[in-house]
**Student:** 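Below: one structure in structure tokens.
Owing to the predicted nature of the structure, the values given are computational and were not obtained by experimental measurement.
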Amino acid sequence: MRDTRESRLLLILLVAVAFALITVDIKGGESSPLNGARRTAADVFGPIERGAAGSVDPIARTVRAIRDSGTEESRLNQINAENTELRQKLASSDAATGRTKQLDDLLRTAGTGGYTIKAAQVIAIGAAQGFSWTVTIDAGSDDGLQRDMTVINGQGLVGRVTTVAPTTATVLLATDPGFTAGTRMEGSGEIGFAAGQGQGPLKVELLNGKAQVKPGDRLVTFGSQSGRPFVPGVPVGAVTQVEATPGELTKTVLVQPFVSFTSLDLVGVVVVPPRTDPRDSVLPPSPSPSPTPAPSQPPAPPAVAAAQPSGAPQAQPAQPAASPSGD
């Protein structure tokens, strides 16, 4: 319809009529003259509305189901996240207990040896800088670490620092085939060189081919000049086997390390060496041998004769019978 003067007047008239009907309906209340028209409209359009609602209801239910399923899924995800967080808290509690024990052992070892250490945590393990037995720790040059510093834990020698970054460092483990450290036997002081063999025990070449060594004997680090790469007195391991080398100038022994390299966590980097050589004092007390039980005594033999009561006449030895006289 074109916008003409007549169309504008018709629109104004319709609006005025609509307002008048609304006013009459509101003022009439229950007796409104429009109630009849409203009922008639309801009778006519009611079935149409119910049919439309019935056809649309399945779609509405589907939409509600999708919406509710999303809510249930979110709730399940939240529950799973809470359970995961709880498990992590429990695991971290157990880990914290174990880490506290490791830290106590580390501080005890450092205190006994007089080592000033920077504690660090192993954050990665694997090949680095061409080495096959290395770990990465979360301390670096920003913490005062330098290349060729000794790395220990609560049990003994871990390795030495080979590469240093501002916040991390690479440690060459004592089990690496390229690792070598000077050692000294507990008690006798025999000097040797320990080399890594991967997953096997350390191989130690003692300079004295006639050294008296037996399984169970223990070794510590000999130490380097200025304490780098190795400080003295760090426990290395215990002898497990003495190889027969007749006629050789050196003696070869196999040594089981004190450190468990497959479960490294907390370590300490020695940033200041001890003022004096701690010698064997860092080693734990030697296990005392179990006492040999004494042989059982045989039971006493039974008495030959019973004792005579006091005051009783002593038995006289029997006299030989007299030979009969000839009358």
**Student:** When rounded to the nearest 0.5 angstrom, what is the spacing between OG1 in Thr134 and CD1 in Ile125?
**Tutor:** 7.5 Å
**Student:** Are Val239 and Val234 connected in the hydrophobic side-chain network, where two residues link if heavy atoms are under 4.5 Å apart?
**Tutor:** yes
**Student:** Is there a path of hydrophobic side-chain contacts, each under 4.5 Å between heavy atoms of I/L/V/M/F/W/Y residues, joining Val269 to Val272?
**Tutor:** yes
**Student:** Name all pairs fulfilling the side chain to side chain donor-acceptor pair (under 3.5 Å) condition that reach into residues 230-243, sequence neighbours left out, sorted by first residue then second.
**Tutor:** none
**Student:** Nearest heavy-atom pair of Gly113 and Pro274: which atoms, and what distance?
**Tutor:** O-CB, 3.2 Å
**Student:** Once side chain to side chain donor-acceptor pair (under 3.5 Å) is applied, what residue pairs with a partner in residues 200-213 remain, sequence neighbours excluded?
**Tutor:** Glu190-Asn208, Glu205-Thr250, Glu205-Thr252
**Student:** Do you know which two heavy atoms are closest between Pro229 and Arg160, and how far apart they sit?
**Tutor:** CB-CD, 3.9 Å
**Student:** Applying the 4.5 Å side-chain criterion to the ILVMFWY set and letting contacts propagate, would Leu202 and Val231 be lumped into a single cluster?
**Tutor:** yes
**Student:** Restricting to side chain to side chain contact (heavy atoms under 4.5 Å, CB included), what partner residues turn up for Arg147, sequence neighbours left out?
**Tutor:** none
**Student:** Please tell me if the side chains of Leu173 and Val158 come closer than 4.5 Å, counting only heavy atoms from C-beta onward.
**Tutor:** yes
**Student:** Going by ring-ring contact (aromatic ring centres under 6.0 Å, His included), name the pairs with one or both residues in residues 234-276, residues two or more places apart or in two chains.
**Tutor:** none
**Student:** So which atom in Pro177 and which in Trp133 form the shortest heavy-atom distance, rounded to 0.1 Å?
**Tutor:** CD-CD1, 4.0 Å
**Student:** Run the side chain to side chain contact (heavy atoms under 4.5 Å, CB included) test against Thr183 and tell me which residues pass, sequence neighbours left out.
**Tutor:** Ala194, Val204, Leu219, Val236
**Student:** Under the side-chain contact (heavy atoms from CB on, under 4.5 Å) criterion, do Val220 and Val282 qualify, and how do the steps go?
**Tutor:** CA-CA 9 Å; Val220 297; Val282 187; over 6 Å; no
**Student:** Working to the nearest 0.5 angstrom, can you tell me the gap between Thr167 OG1 and Ile137 CD1?
**Tutor:** 11.0 Å
**Student:** Side chains of Pro284 and Arg218, heavy atoms from C-beta outward: is any pair under 4.5 Å?
**Tutor:** yes
**Student:** Using the rule that two of Ile, Leu, Val, Met, Phe, Trp, Tyr join whenever any of their side-chain heavy atoms come within less than 4.5 Å, decide whether Leu264 and Met149 are in one cluster.
**Tutor:** yes
**Student:** Quick one: does any side-chain atom of Thr168 pair with a main-chain N or O of Ala165 as donor and acceptor, under 3.5 Å?
**Tutor:** no
**Student:** Could you report the tightest heavy-atom contact between Ala139 and Leu145, atom names first, then the distance?
**Tutor:** O-CD2, 3.6 Å
**Student:** Residues two or more places apart in sequence or in another chain: which of them pass salt bridge (Lys or Arg N to Asp or Glu O under 4.0 Å) with Asp105?
**Tutor:** Lys101, Arg108
**Student:** Quick test of your reading: applying ring-ring contact (aromatic ring centres under 6.0 Å, His included), list the pairs with at least one residue in residues 194-220, sequence neighbours left out, ordered by first then second residue.
**Tutor:** none
**Student:** Output all residues satisfying side chain to side chain contact (heavy atoms under 4.5 Å, CB included) with Thr180, sequence neighbours left out; order by chain, then residue number.
**Tutor:** Phe193
**Student:** Taking the side chain as every heavy atom from C-beta outward, state whether Leu157 and Thr221 have any pair of such atoms under 4.5 Å apart.
**Tutor:** yes
**Student:** Could you walk me through whether Asp217 and Met185 pass the side-chain contact (heavy atoms from CB on, under 4.5 Å) check?
**Tutor:** CA-CA 7 Å; Asp217 289 348; Met185 298 292 301; 3.5 Å; yes
**Student:** Within a strict 4.5 Å, meaning less than it, do heavy atoms of the Ser226 and Pro273 side chains meet?
**Tutor:** no
**Student:** CD1/Ile117 to CG/Leu106 distance, rounded to the nearest 0.5 angstrom?
**Tutor:** 3.5 Å
**Student:** Determine yes or no for a side-chain-to-main-chain donor-acceptor pair under 3.5 angstrom, with Asn153 supplying the side chain and Gly156 the backbone.
**Tutor:** yes
**Student:** Write out all pairs satisfying ring-ring contact (aromatic ring centres under 6.0 Å, His included) with one or both partners inside residues 96-116, taking only residues at least two apart or from two chains.
**Tutor:** none
**Student:** Which heavy-atom pair separates Ser281 from Pro278 by the least distance, and what is that distance?
**Tutor:** OG-O, 2.8 Å
**Student:** Is there side-chain contact between Asp280 and Arg184, with at least one heavy-atom pair below 4.5 Å?
**Tutor:** yes
**Student:** Grouping I, L, V, M, F, W and Y whenever their side-chain heavy atoms are under 4.5 Å apart, do Ile123 and Leu266 come out in a common cluster?
**Tutor:** no
**Student:** Does any part of the side chain of Gln121, heavy atoms only, come nearer than 4.5 Å to the side chain of Asp265, both counted from C-beta?
**Tutor:** yes
**Student:** Among residues at least two apart in sequence or on other chains, which ones pass salt bridge (Lys or Arg N to Asp or Glu O under 4.0 Å) with Lys118?
**Tutor:** Asp143
**Student:** Salt bridge (Lys or Arg N to Asp or Glu O under 4.0 Å) with Arg228: which residues, sequence neighbours excluded?
**Tutor:** none
**Student:** Scan residues 216-250 for pairs that pass ring-ring contact (aromatic ring centres under 6.0 Å, His included), counting only residues two or more places apart or in two chains.
**Tutor:** Phe179-Phe230
**Student:** Looking only at heavy atoms, which two atoms of Gly216 and Ala238 are closest? And how far apart?
**Tutor:** O-CB, 4.3 Å
